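Worksheet: one structure, shown below.
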Protein chains: 2
Amino acid sequence: MDAYKFIKDSIIQGKFEPGARLAEETLAKTLSLSRTPIREAIKQLEAEGLVIPLKRGVGVRNFTREDIRQIYDLRTILESYAAGQAAIHRTAEDLERMQDANNRYEKVIQTYVESDIDRIGEITEVNQEFHEAIVAAARNDHLYFHISKVVVVPLVFRSFYWYNQFQILQSLEVHKTILEAITNQEPERARIAMHEHIYQGRDHVLTNFEKITSPS
Amino acid sequence: MDAYKFIKDSIIQGKFEPGARLAEETLAKTLSLSRTPIREAIKQLEAEGLVIPLKRGVGVRNFTREDIRQIYDLRTILESYAAGQAAIHRTAEDLERMQDANNRYEKVIQTYVESDIDRIGEITEVNQEFHEAIVAAARNDHLYFHISKVVVVPLVFRSFYWYNQFQILQSLEVHKTILEAITNQEPERARIAMHEHIYQGRDHVLTNFEKITSPS
DNA sequence: CTCATCCTGATTGTATACAATAGAAAAATA
DNA sequence: TATTTTTCTATTGTATACAATCAGGATGAG
């Protein structure tokens, strides 16, 4: 496995303490590599802002409540624009991809609601696929590039754990609205729906921030 | 001088042919460094999208007309949002910084119009300072981070060379309007003015794209 | 003359070696 | 005991060494 992906995933999955220094030698041994490729991977993560330089070496960035607020504001702007553009530019394949993602989203949510067993990992994943399909349909590679960097950060907090069933069912409804607007080529409606959708996510993460960040 | 800044500046100043491969050994010798720090700098530039991986090594990214269109669309969204937020959050120091930048902008444009000698380098620089002051006043570090990556790309084309005096004087007027709106805390007016301002820049670069990219 | 194949050299990718120093532990002073 | 100074060690930052492979030219066949 390549070093970049491994370290990035480790950070997202919270395998380091907040602010913990990344020990190069340790990572090198874990991945059976020398320090050279490890350092290069770290430099990339640094350029993305997931990791910050210390006096020597780097540590995983400790995102504050204010960071999360800013990131969600930014994501709201970018992704609602993307939804509007997607409603203009979407092709048949785009729609198929969105529908497929959303069908799987509905399915996993149903089994979750019926059985109440833990499906949060899957829900998070399929949700991401839906959002990504929309951004891809906006036909702007640079927009896609920047959104994918912005979206990564809140994953650290795995906020879906704190949604209740009602909220999750509600987000499914919103997804359907967005999909409908994009299908019918209604940019403004798609934009507004996405704007509210992500703003709801923002509110949720901010009201649960202490719960989310404090050790369970 | 550190390798990252040197290579980045070299790319922006067009010191490499479009698509040219970055020879590590050469850069290392130029900067009296070993290849290790050079490679790390390159990895950062790669993460920012200024440089793309080849089969072996990397080359400077060759931005197309479509890239420029996408980048300006993105910048329009981000920076008009920033202007709106700046109108809400600006402090006295923010306003001072913007005014200072814009005064210098006016001054250098005046001497340019009067004498018609080449001041394009300065004009570009002071223009950037004004825009940066606004983004900083929006009080969103992550927005700032992403905008600064987006803004860099078009600099490669040094499009200011192709503005005529009328256009430059017009952009000064728009700056004044934006500054006024931010001073008076009129977010919507600031947002719209900035939106149109950057969209004008977009049009300009796109209509002059062939002139700009073909070797003079 | 054109195209395919095979070599050769140059350049990258990775590993190791060495030098510099931050930070912790130990010692010393008040 | 608390606080400063000193020493030492672990880890980073940089340089070099070696291995892998791509690119371009030479050779040869059609």
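Not measured: the values here are computed from a predicted model. Letters A, B, ... are given to chains in the order of the sequence lines, protein chains preceding strands, and every chain is numbered from 1.
Within the nucleic acid shown, L54(B) has no heavy atom closer than 4.0 Å to any nucleic acid atom. I38(B) comes within 4.0 angstrom of no nucleic acid atom, judged by non-hydrogen atoms across all strands.
Side-chain contact, T124(A) with N127(A): no donor N or O sits under 3.5 Å from an acceptor N or O. Donor-acceptor pairing under 3.5 Å is lacking for the side chains of S171(B) and Y163(B). Side-chain contact, Q70(B) with Y144(A): no donor N or O sits under 3.5 Å from an acceptor N or O. Looking at E122(A) and Y112(A), their side chains never bring a donor and an acceptor atom within 3.5 Å of each other. With no hydrogens or angles considered, no side-chain donor-acceptor pair links D73(B) and H142(A) at under 3.5 Å.
For the pair R39(A) CZ and dT16(C) C1', the interatomic distance rounds to 14 Å; values are reported in whole Å. What separates CD of E24(B) from P of dT14(D) is a distance of 16 Å, to the nearest Å. In this structure, R56(B) atom CZ and dC22(D) atom C1' are separated by 5 Å, rounded to whole Å. The interatomic distance linking R21(B) (CZ) with dC22(D) (C1') rounds to 8 Å, in whole Å. At whole-Å resolution of the value, CG in L22(B) and P in dA10(C) are 20 Å apart. Nucleotide dT14(D) holds its P atom 13 Å from the CD atom of E40(A), rounded to whole Å.
When each of K55(B) and L33(B) is assigned the nucleotide of DNA chain D bearing its nearest heavy atom, the one mapping closer to the 5' terminus is L33(B). Positionally, the nearest nucleotide of DNA chain C for E25(B) lies more toward the 5' end than for the other of E25(B) and S34(A).
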Can you pull every protein N or O that's under 3.5 Å from an N or O on nucleotides 6-9 of chain D?
none

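Side-chain atoms of R35(A) and base atoms of dG13(D) include a donor and an acceptor less than 3.5 Å apart.
Contact annotation: the side chain of L155(A) approaches that of Q128(A) to within less than 4.5 Å [non-hydrogen atoms, C-beta and beyond].
Aromatic ring centroids of F63(B) and F157(B) lie 6.0 Å or more apart.
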